[in-house]
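Structure first, then comments.
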Amino acid sequence: MTSINTETGGGTETGGAQHELAQVNIARLRFPLESTELKDFVDGLDPVNAVADQAEGFVWRLRSDSGNATDVPVFGDAWLIVNMSVWRDAEALTGFMYAGRHRELMSRRREWFEQIREAMTALWWVPAGERPTVADAEERLLHLREHGPTERAFTLRTRFPAPVGVR
């Protein structure tokens with residue numbers, strides 16, 4: 001059984017914000033994680049996660065005892081891997097996503113992951129200090145797939161503001 005670490009990592013404080021931005025990203029592997037075809041991806045995980053952990057606006061990320069989340073089950077499919085994190089806001093998330101090591105690693109994603117037509121990434125607001133579960137992430141992805149972007153689950157392209165005055 002995989003144990004999941006729910007403690008907040010490094011990064012920044014929320015500065016009194018009432019909500020933080022949760023994100024989930026799942027991918028279907030083209031090869032087993034231990035294959036030579038995925039060696040560069042697997043070798044890049046720890047360095048990229050270390051950069052994320054120190055990024056401006058980073059709050060938390062899903063990880064198991066392995067230090068990452070590649071062994072955390074999602075949708076009951078052994079070929080899917082999950083990345084889930086919480087950020088101060090969309091600007092902090094995109095600032096990390098499109099810079100440095102993460103960008104370099106993701107530029108090779110088509111070598112490692114199948115192209116899927118349905119939504120594989122979703123964003124939603126959580127009360128500050130709350131940590132989403134994989135079940136939460138699965139529900140948000142299914143909602144996005146069925147209804148398109150809404151306040152419940154949205155994308156970077158179609159964003160919704162954090163709720164005001166609600167905890």
Side-chain angles (χ1 to χ4, degrees), residues 1-15 17 20-116 118-126 128-141 144 153 155-156:
M1 177 172 189
T2 301
S3 105
I4 297 174
N5 177 345
T6 58
E7 293 178 20
T8 300
T12 63
E13 296 295 319
T14 62
E20 298 165 330
L21 186 67
Q23 75 80 30
V24 64
N25 178 348
I26 62 173
R28 180 178 299 284
L29 298 169
R30 294 183 67 211
F31 309 97
L33 272 173
E34 30 321 301
S35 69
T36 57
E37 291 88 350
L38 288 182
K39 183 178 182 347
D40 289 348
F41 169 72
V42 172
D43 288 350
L45 280 175
D46 287 342
V48 167
N49 285 336
V51 171
D53 290 350
Q54 298 304 313
E56 175 69 26
F58 170 81
V59 177
W60 170 88
R61 71 179 163 89
L62 177 69
R63 62 182 113 194
S64 69
D65 292 339
S66 67
N68 60 57
T70 57
D71 56 349
V72 175
V74 61
F75 286 120
D77 185 336
W79 287 93
L80 288 176
I81 59 172
V82 62
N83 171 289
M84 188 164 53
S85 57
V86 175
W87 295 79
R88 179 188 60 227
D89 52 34
E91 290 70 31
L93 173 60
T94 57
F96 164 73
M97 285 175 52
Y98 297 116
R101 297 192 86 149
H102 183 265
R103 183 179 181 166
E104 292 169 19
L105 201 63
M106 288 301 91
S107 70
R108 297 183 57 195
R109 68 185 172 276
R110 284 177 177 63
E111 294 175 42
W112 304 319
F113 309 119
E114 290 182 15
Q115 269 192 283
I116 307 291
E118 60 193 355
M120 301 292 273
T121 301
L123 305 172
W124 68 99
W125 294 101
V126 295
E130 184 176 297
R131 301 299 167 243
T133 66
V134 173
D136 295 332
E138 290 171 339
E139 186 275 325
R140 301 298 174 134
L141 277 166
L144 181 61
T155 65
L156 281 173

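Only this structure's heavy atoms are used, side chains among them; waters, hydrogens and symmetry mates stay out.
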Report summary line: Heavy-atom closest pair (G129 atom, E20 atom, distance to 0.1 Å) is N-OE1, 3.2 Å
Report task. Nearest 0.5 Å please: distance from the CG atom of L93 over to the CG atom of L123. Result -> 6.5 Å
Report summary line: Taken to the nearest 0.5 Å, the spacing of I26 CD1 from F113 CZ works out to 11.5 Å
**Report entry** 4.5 Å side-chain heavy-atom contact, R28 and D77
**Finding:** yes
**Report entry** OG1 on T121 to CD1 on I116, rounded to 0.5 Å
**Finding:** 11.5 Å
Query - Side-chain touch L21/D89, heavy atoms, less than 4.5 angstrom - result: no
Report task. Can you see which heavy atom on A153 is nearest to which on L144, and at what distance? Result -> O-CD1, 3.5 Å
Report summary line: In terms of heavy-atom contacts, P132 and W60 come closest through O-CH2, 3.7 Å
Report summary line: The reported gap from CG in L156 to CD in E91 (rounded to nearest 0.5 angstrom) is 9.5 Å
Report task. Check step by step if side-chain contact (heavy atoms from CB on, under 4.5 Å) holds for V59 and R131. Result -> CA-CA 10 Å; V59 177; R131 301 299 167 243; 3.2 Å; yes
**Report entry** side-chain contact (heavy atoms from CB on, under 4.5 Å) between N25 and M97, intermediate numbers included
**Finding:** CA-CA 12 Å; N25 178 348; M97 285 175 52; over 6 Å; no
Query raised in the report: Does some side-chain heavy atom of V42 sit less than 4.5 Å from a side-chain heavy atom of W112?
Result: no
Query raised in the report: Does any non-hydrogen side-chain atom of L33 lie less than 4.5 Å from one of F41?
Result: yes
Query raised in the report: Quick check: does any side chain N or O of D136 sit under 3.5 Å from a backbone N or O of T133, one acting as donor and the other as acceptor?
Result: yes
Query - Donor-acceptor pair, side chain of E56 and main chain of A92, under 3.5 angstrom - result: no
Query raised in the report: L141 and A119: which non-hydrogen atoms are nearest, and at how many Å?
Result: CD2-O, 3.7 Å
Query raised in the report: Can V24 and W124 be said to form a side-chain contact (heavy atoms from CB on, under 4.5 Å), step by step?
Result: CA-CA 9 Å; V24 64; W124 68 99; 3.8 Å; yes
Requested in this report: Taking the side chain as every heavy atom from C-beta outward, state whether R61 and N49 have any atom pair closer than 4.5 Å.
Outcome: yes
Report summary line: For E114, the side chain to side chain donor-acceptor pair (under 3.5 Å) test, sequence neighbours excluded, returns none
**Report entry** From D43 atom CG to L38 atom CG, the distance as rounded to the nearest 0.5 Å
**Finding:** 10.5 Å
Query raised in the report: For E111, what residues pass the salt bridge (Lys or Arg N to Asp or Glu O under 4.0 Å) criterion, not counting sequence neighbours?
Result: R108
**Report entry** Between CD on residue E37 and CG on residue L29, distance to nearest 0.5 Å
**Finding:** 11.5 Å
Solution key, residues 78-86 side-chain donor-acceptor pairs under 3.5 Å, sequence neighbours excluded:
residue	atom	partner	partner atom	Å
N83	OD1	Q23	NE2	2.6
S85	OG	Q23	NE2	2.9
S85	OG	W87	NE1	2.7

Query raised in the report: Of D53, D71, N68, which is the lone residue that meets side chain to side chain contact (heavy atoms under 4.5 Å, CB included) with R63?
Result: D53
